[in-house]
Amino acid sequence: MDGTDGGADPTAGSTRTPTRIVRLLTALGIAIAAAMLVLGGLLLLDARRDAWRRAEQAANNLALTLERDIGRNIAAYDLSLQGVIEALQQPGLDDASLGVRRTALFDRAATAEFLGSVLVLDRDGNVTESSISLLPPRLNLADRDYFQAQRDRLDAGLFVSRPYRSRLRQGDISIAISRRLPDASGQFAGIVMGALRIAYFQELFASLDLGPGGSVTLFRLDGRVIARHPFNDADIDRDLSGSANFRRFAAEGSGSFVGRAAIDGVERLYNFRRVGNLPLMLAVATSVEDIYAAWRTKALGIGAILIFLCGASVALSLLFRRELLRRFRAETALAQAARKLAVLAATDGLTGLANRRQFDEALEREWRRAVRSGTPIALLLLDADNFKFYNDHYGHLEGDNVLRSIADCVRLLVRRPADTGARYGGEEFAVLLPETDAVGAAGVAERLRARVESLAIPHEGRPEGRVTVSIGVAVARARHGDQDSVLVREADAALYAAKSTGRNRVATADGSDPSLQASEPVEGGSR
């Protein structure tokens, strides 16, 4: 093996491995950032669903509270009406004084705030009794729906009227609840009605916090709006029976859904329910925009922070990757430079073979190995014949070319990994052949001599007329305590013998004729 054969680049694998590690670390950093983003998104989606659940629960609680409050107040008012009917059926009431009659007919509930007058109407719709005065007002209310319903329908029961403007309270918007008043034979004798001001519902609804887009609506079962918040005078008594939302209210009775309001077009979450057994329907609606408003603000803030952190994480990962790759490239470049320097330090600059220092290290290493294994080790020393004359006659440049040509021959014949071809000094070369006996070494030497001669490089200073080499061969079986210098001395002595006996020949330290080995194989058992 000559001194220039470095084999595969040892830095290639070491470069690829850190590059893969850097890529894995970068991918891991980006994956963590993506996982953070996905996790943050999932948490925000869960918070969004939670905001919806809270809004739905709050609307349901509000609807239940309102339904109970309205139902309880109307039920209490209905008891007052039933009390009037029972009192009118008592014997002797007609003979009592006006004050006694009023006290007997109307209890304190009839004078509560937001309650209008309780009136008794005869079969023609004339007011005969009033809770607000001793003398009933001269007023006929036969045109009102609460009178006509009781007059025309035996099964009307408790009837809730459409909103109307009161003739007794300067147009105050109210609704009436009425009951049929029968005579002794069960025939229609009039009605008892109580007025309930719309202001009661408006004040009740206005106390609720439903957000800017929220609404509360109280309907009759025929789709007429009794009260609504936010208040708009035009909405009162508005017929919404044809709207998709009300049709769903009427069909399902209670529940929740998302729909768009027929009045203002706002998309809302509706929670609706029947008011007790009354012919009333209550709908509490929260704007979808309001439900998600707080969540959206929070999501924008958290999302911006998450995106910033993930972006920063990715950017740092990419910067980290770039710096690591830059560092690995620099280290690789340094390693390659160091390796080149090491190769240069161990290689002869002219021939590319190992230099003297590298040869000495190889000899010491292989000598120790031969001592341990007990195998033979061979050394060839060769010298270009009459090289000084060649240099003087042809010039140093041509002399350098001759040395390179001899080095090429060495490289061609010395191919085993443990073999070392080196420039020993000047025009001298050395070939170290571990695990090679005398026969094998002599064969390599003769083949090497013949190859150099076959180059046919002109040389006027040689009888052959061409460049030739003389080679000395020494083989030793190293033992503990022996020095590798013994092998060098023997090879040098053999080289001297080859030169002194005419040059262009091979001489062995044991004096055998190497020409007999020229045709022997140079690899295998003999080497």
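A donor and an acceptor atom, one from each side chain of Glu56 and Asn60, are nowhere located under 3.5 Å apart.
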Salt bridge (charged side-chain N to carboxylate O under 4.0 Å, His left out) between Arg411 and Asp408: does it pass, once the steps are laid out?
CA-CA 5 Å; Arg411 259 190 295 270; Asp408 290 340; 2.7 Å; yes

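Put simply, the side chain of Asp145 gets close to the backbone of Arg162: a donor and an acceptor are under 3.5 Å apart.
The ring pair (Phe, Tyr, Trp, His ring centres under 6.0 Å) search around Phe219 returns Phe246, Phe249, not counting sequence neighbours. Residues satisfying the ring pair (Phe, Tyr, Trp, His ring centres under 6.0 Å) test with Trp52, not counting sequence neighbours, are Tyr292.
Applying the 6.0 Å contact sphere to CZ of Arg153 captures more than 12 heavy atoms from other residues, nucleotides or ligands. Remark: Arg138 CZ is loosely packed, at most 12 non-hydrogen atoms of other residues, nucleotides or ligands lying under 6.0 Å away. Counted within 6.0 Å of CZ on Phe320, heavy atoms from surrounding residues, nucleotides or ligands total 12 or fewer; the atom is thus considered open. At most 12 non-hydrogen atoms from other residues, nucleotides or ligands lie less than 6.0 angstrom from CZ of Arg357.
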Indicate every side-chain donor-acceptor pair of residues 269-276 with a distance under 3.5 Å to a residue at least two apart or in another chain.
| unit_1 | atom_1 | unit_2 | atom_2 | d |
| --- | --- | --- | --- | --- |
| Tyr270 | OH | Asn245 | ND2 | 3.4 |
| Arg274 | NE | Leu278 | O | 2.6 |
| Arg274 | NH2 | Leu278 | O | 3.3 |

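Side chains of Arg296 and Glu289 form a contact here, defined as non-hydrogen atoms less than 4.5 Å apart. At least one side-chain heavy atom of Glu331 sits less than 4.5 Å from a side-chain heavy atom of Phe328.
Aromatic ring centres of Tyr146 and Tyr164 lie closer together than 6.0 Å.
Results of the side-chain contact (heavy atoms from CB on, under 4.5 Å) test with Leu119 over Leu141, Val84, Val192, Thr128 single out Leu141 as the only residue that passes.
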